[in-house]
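Protein chains get the first letters and strands the later ones, always in sequence-line order, with residue 1 at the start of each.
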Protein chains: 2
Amino acid sequence: METIGFSKHDHHACIEEGLAAVEATCRRDGLQFTPQRRRVLEILLQEHRAMGAYEILDKLRAEGMGAQPPVAYRALDFLVGNGFAHKIERLNAFIACAHPGARHKPAFLICRKCDSVAEASSDAALKAMTETVSDTGFQIDRMMIEALGICPNCAGAEAT
Amino acid sequence: METIGFSKHDHHACIEEGLAAVEATCRRDGLQFTPQRRRVLEILLQEHRAMGAYEILDKLRAEGMGAQPPVAYRALDFLVGNGFAHKIERLNAFIACAHPGARHKPAFLICRKCDSVAEASSDAALKAMTETVSDTGFQIDRMMIEALGICPNCAGAEAT
DNA sequence: TTGCTGTTGATATGATATAACAACCGATAT
DNA sequence: ATATCGGTTGTTATATCATATCAACAGCAA
Ligand SMILES: [Zn+2]
Ligand SMILES: [Zn+2]
Ligand SMILES: [Zn+2]
Ligand SMILES: [Zn+2]
């Protein structure tokens, strides 16, 4: 058990299930879940935090896989493009999706003390935002929401 | 008159007023609105779009001002830090604030056809998001909202 | 076989952002 | 006047993030 997102959970199962879900989705949709792509996702799942592309690359390099930037970026493009991972714009970093396979519109909660990132739903916020801009004529296709704040773990530590 | 944000307006007055508002706020708050900072804001107001730091730097260079990256980034840090400009994370670019001086929590509407950026209020979305995460214990301090979509101008052009 | 599509390998380059330190300038205290 | 201090500027160098390009290769279908 490790502290992840903002809650404890069985991390080994978490990795297994994440890989299995993506594998199933790829099979269903005819996507090629190649060893490189699988390994990058596995790294993201193992670390369970937002990682920079070069940080991932370092891990690949240590394993003898191709270690040039395009290797990491290509795998990440695939994962992000298919919703198996997400890019955190604020951090220029990537994180494994917490709900692989499920259609969802994520928002991210970024702790500014410990840099942990959790995935939440942006449905309500999207609805509110759509309402807000309704009179401008702007048509929202997609929304990036990244909230900065203090995670429960760090809040607890602070209160000590 | 030019097309800006998503609506026509008197752009000359828009620049004048933007500079005046920031000047007033700086005087009130004891901030140093130096020539460089002023010039960078003026460039952002003139272009009235999201600009990369190096794009701004090119303009400064052409005018004989200091032309090394820190020059632009320092001015932008000042402007963003004091709410006179905003960073669009999605574009790694900066834009002059549309409501300088006023306390506000902006959201941005980014047209994926013409790259224009408009500033909207994120108040309702922030409220919705706060509600959404209320049971996680995460305390939101600040939120970045960037909506991707089609601006009214491009929607009109499409419908043709 | 040939052609087509998608993936990988590899080199090079581009784009964005910061570290570090010296010089300068204005305000203030001695 | 002069010492000092905080904030700004000038400059060089470097760090960090991301993409262009092209050759090789594998799977599949005509
Ligand atoms: Zn997700
Ligand atoms: Zn935290
Ligand atoms: Zn603003
Ligand atoms: Zn547009």
In whole angstroms, the gap separating P of D/dG6 from CG of B/Leu31 amounts to 18 Å
Report yes if the side chains of A/Val117 and A/Leu109 come closer than 4.5 Å at any heavy-atom pair, otherwise no. no
Phosphate OP1/OP2 of C/dA17: any B/Tyr73 side-chain N/O under 4.0 Å: yes
Looking at D/dG10, I'd like to know if its phosphate oxygens (OP1 or OP2) sit under 4.0 Å from a side-chain N or O belonging to B/Gln36. yes
Is it the case that the side chains of B/Glu119 and B/His99 hold a donor-acceptor pair, with the cut-off being a distance below 3.5 Å and no angle test? no
Give me the ring orientation class for A/Phe94 and A/Tyr73: parallel if the planes are under 30° apart, tilted from 30 to 60°, perpendicular past 60°. perpendicular
Is any side-chain nitrogen or oxygen of A/Asn92 closer than 4.0 Å to OP1 or OP2 of D/dA18? yes
Residue whose closest nucleotide on DNA chain D lies nearer the 5' end, A/Phe94 versus B/Pro69: B/Pro69
A/Asp77 has an atom CG; how far is it from atom C1' of D/dA20, in whole Å? 13 Å
With under 30° as parallel and over 60° as perpendicular, where do the rings of A/Phe84 and A/Phe78 fit, or are they tilted in between? tilted
Between C1' of D/dT11 and CZ of B/Arg61, the distance in whole Å: 13 Å
For the pair made of CD1 in B/Ile56 and P in C/dA15, what is the distance, rounded to whole Å? 16 Å
Can you measure B/Arg90 atom CZ to D/dC17 atom P for me and round it to whole angstrom units? 18 Å
Give a yes/no verdict on base stacking between C/dT16 and B/Tyr54: centres under 5.5 Å, planes within less than 30° of parallel. yes
Distance in angstrom units between B/Phe78 CZ and D/dG7 P, rounded: 13 Å
OP1 or OP2 of D/dC17 less than 4.0 angstrom from a side-chain nitrogen or oxygen of A/Lys87, does that happen here? no
C/dT7 phosphate, OP1 or OP2, under 4.0 Å from A/Gln32 side-chain N/O: yes
Side chain of B/Thr34: nearest nucleotide among C/dA19, D/dT9, D/dA20? D/dT9
Separation of C/dT8 atom P from A/Arg38 atom CZ, nearest Å, is 14 Å
Euclidean distance, atom CD of residue B/Gln68 to atom P of C/dA17 [Å, nearest integer]: 17 Å
Using modelled atom types only, decide if a donor and an acceptor are shared between the side chain of B/Arg142 and the backbone of A/Leu148 within a distance under 3.5 Å. no
Taking N and O atoms by type only, does the side chain of A/Arg74 place a donor or acceptor under 3.5 Å from a partner on the base of C/dG6? no
